[in-house]
There are 2 protein chains.
Amino acid sequence: MTYEDSPMQRSLSALSDPTRRAVFEAVAAQPRSVTELAKTQPISRPAVSQHLKVLSEANLVRAEAQGTRRIYHLDTAGLAALRDYLDQFWTDALGAYAAEVRRRTKPN
Amino acid sequence: MTYEDSPMQRSLSALSDPTRRAVFEAVAAQPRSVTELAKTQPISRPAVSQHLKVLSEANLVRAEAQGTRRIYHLDTAGLAALRDYLDQFWTDALGAYAAEVRRRTKPN
DNA sequence: ACTTACCGTAAGCTATGACTTACGAAGATT
DNA sequence: AATCTTCGTAAGTCATAGCTTACGGTAAGT
């Protein structure tokens with residue numbers, strides 16, 4: 001049951017697959033065309049295309065047409081969304097920890 | 001094909017499922033027992049247990065036994081791993097952007 | 001000691017997701 | 001204009017992930 005489909009959930013699940021994450025890292029390392037990306041992976045070119053579609057919809061990657069080729073490059077939007085999401089828990093955790101410290105140090 | 005199983009990949013895929021992410025957020029918001037967590041979700045208690053197992057193996061959550069109850073609370077280790085992973089791309093992206101700016105502003 | 005509450009795991013079902021091959025469209029090349 | 005390259009998508013297959021019910025084990029309550 002997919003009862004939530006926030007943009008950040010998309011980014012999160014986009015990176016959940018190891019192969020897709022490898023594709024993402026290849027794109028991040030250097031902007032490349034689809035066939036070039038496919039050469040770096042042990043899967044077929046259409047499979048890479050499908051992964052790129054998912055990554056695009058997660059705003060983790062973007063394409064620029066250049067003739068018949070499509071050069072994919074990193075998109076920081078999805079990255080920022082993920083970072084903000086994690087940071088939220090991070091500060092919450094710190095806050096909870098501080099509260100715990102206060103609770104433990106406070107005399108009864 | 002699971003050709004990679006880094007601890008950070010585990011954290012990443014642990015949060016890929018919306019339901020499991022909801023469980024994680026419930027734990028993060030407040031340490032709770034399994035049955036208490038199950039009440040906050042539209043799934044059965046064993047399902048919550050299974051999600052907690054995955055989250056535990058991803059170092060996103062930890063349990064403390066308290067009688068027969070197991071109180072789950074946030075574990076910042078997995079969170080830190082994710083943060084570091086994303087930050088790596090972040091700084092890379094900034095570096096690439098800076099290089100791009102240099103390339104564009106540099107006279108031919 | 002018997003029952004009750006709490007929890008993890010096994011077994012089984014079903015939906016989904018990751019891959020393949022096949023195809024068609026659009027721009028480059030000759 | 002004919003071919004070749006590049007790419008996205010459709011169709012189909014297969015493995016896996018998430019859920020359920022059922023069960024057993026441990027600690028607490030009476």
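Note on naming: letters A, B, ... go to the chains in the order of the sequence lines (proteins, then strands), and numbering restarts at 1 for each one.
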With respect to the phosphate group of D/dT5, does any side-chain polar atom (N or O) of A/T35 fall under 4.0 Å of OP1 or OP2?
no
Of all the choices, C/dG8, D/dG8, C/dA26, which nucleotide is nearest to the side chain of A/T68 once you look at every atom?
C/dA26
Between B/V54 and B/R20, is any pair of side-chain heavy atoms under 4.5 Å apart?
yes
Using a heavy-atom distance cut-off of less than 4.0 Å, which residues of residues 58-66 of chain A contact DNA chain C?
none
Working to the nearest 0.5 Å, report the span between OG1 of A/T19 and CZ of A/F24.
15.0 Å
DNA chain D: A/S33 or B/S13, which has the more 5' nearest nucleotide?
A/S33
So, taking the atom named CD in B/Q50 and the one named CG in B/L55, what distance separates them when rounded to the nearest 0.5 Å?
12.0 Å
Checking C/dA18, C/dA26, D/dG8 against the side chain of A/Y72 (C-beta onward), the nearest is D/dG8
Phosphate oxygens OP1/OP2 of D/dG18: is one of them under 4.0 Å from a side-chain N or O of B/T19?
no
Gap separating the CG atom of B/L82 from the OG atom of B/S11, nearest 0.5 angstrom:
4.5 Å
Would you kindly give the CG-to-P distance between A/L37 and D/dC7, to the nearest whole Å?
9 Å
Just by modelled atom types, is the B/S16 backbone N or O under 3.5 Å from a matching donor or acceptor in the A/Q9 side chain?
yes
To the nearest angstrom, the CD1-C1' distance between B/I71 and C/dC7 comes to 12 Å
One should read off an interatomic distance between A/E25 CD and B/Q88 CD, to the nearest 0.5 angstrom, of 6.5 Å
Between B/S16 and A/E36, who's closer to the 5' end of DNA chain D by nearest nucleotide?
A/E36
Does the A/E36 side chain pair with the main chain of A/S33, one donor and one acceptor, at a distance under 3.5 Å?
yes
Selected nucleotide, minimal atom distance to A/D17 side chain, candidates C/dA18, C/dC7, D/dG8
C/dA18
Does D/dG18 have its OP1 or OP2 closer than 4.0 Å to a side-chain nitrogen or oxygen of B/R20?
yes
Find every protein N or O atom lying less than 3.5 Å from an N or O atom of nucleotides 12-14 of chain C, and list the pairs.
none

If you round to the nearest 0.5 Å, how far is CG of B/L15 from CZ of A/F89?
8.0 Å
Please round to the nearest 0.5 Å and tell me the distance separating atom CG of A/L86 and atom CZ of B/R83.
8.5 Å
So, B/R70 and B/Y72: side-chain donor and acceptor under 3.5 Å apart, yes or no?
yes
Given B/L52 and B/V27, is the side-chain contact (heavy atoms from CB on, under 4.5 Å) satisfied, shown in steps?
CA-CA 9 Å; B/L52 287 170; B/V27 170; 4.1 Å; yes
Going by heavy atoms closer than 4.0 Å, what residues in residues 43-56 of chain B are next to DNA chain D?
B/I43, B/S44, B/P46, B/A47, B/Q50, B/H51
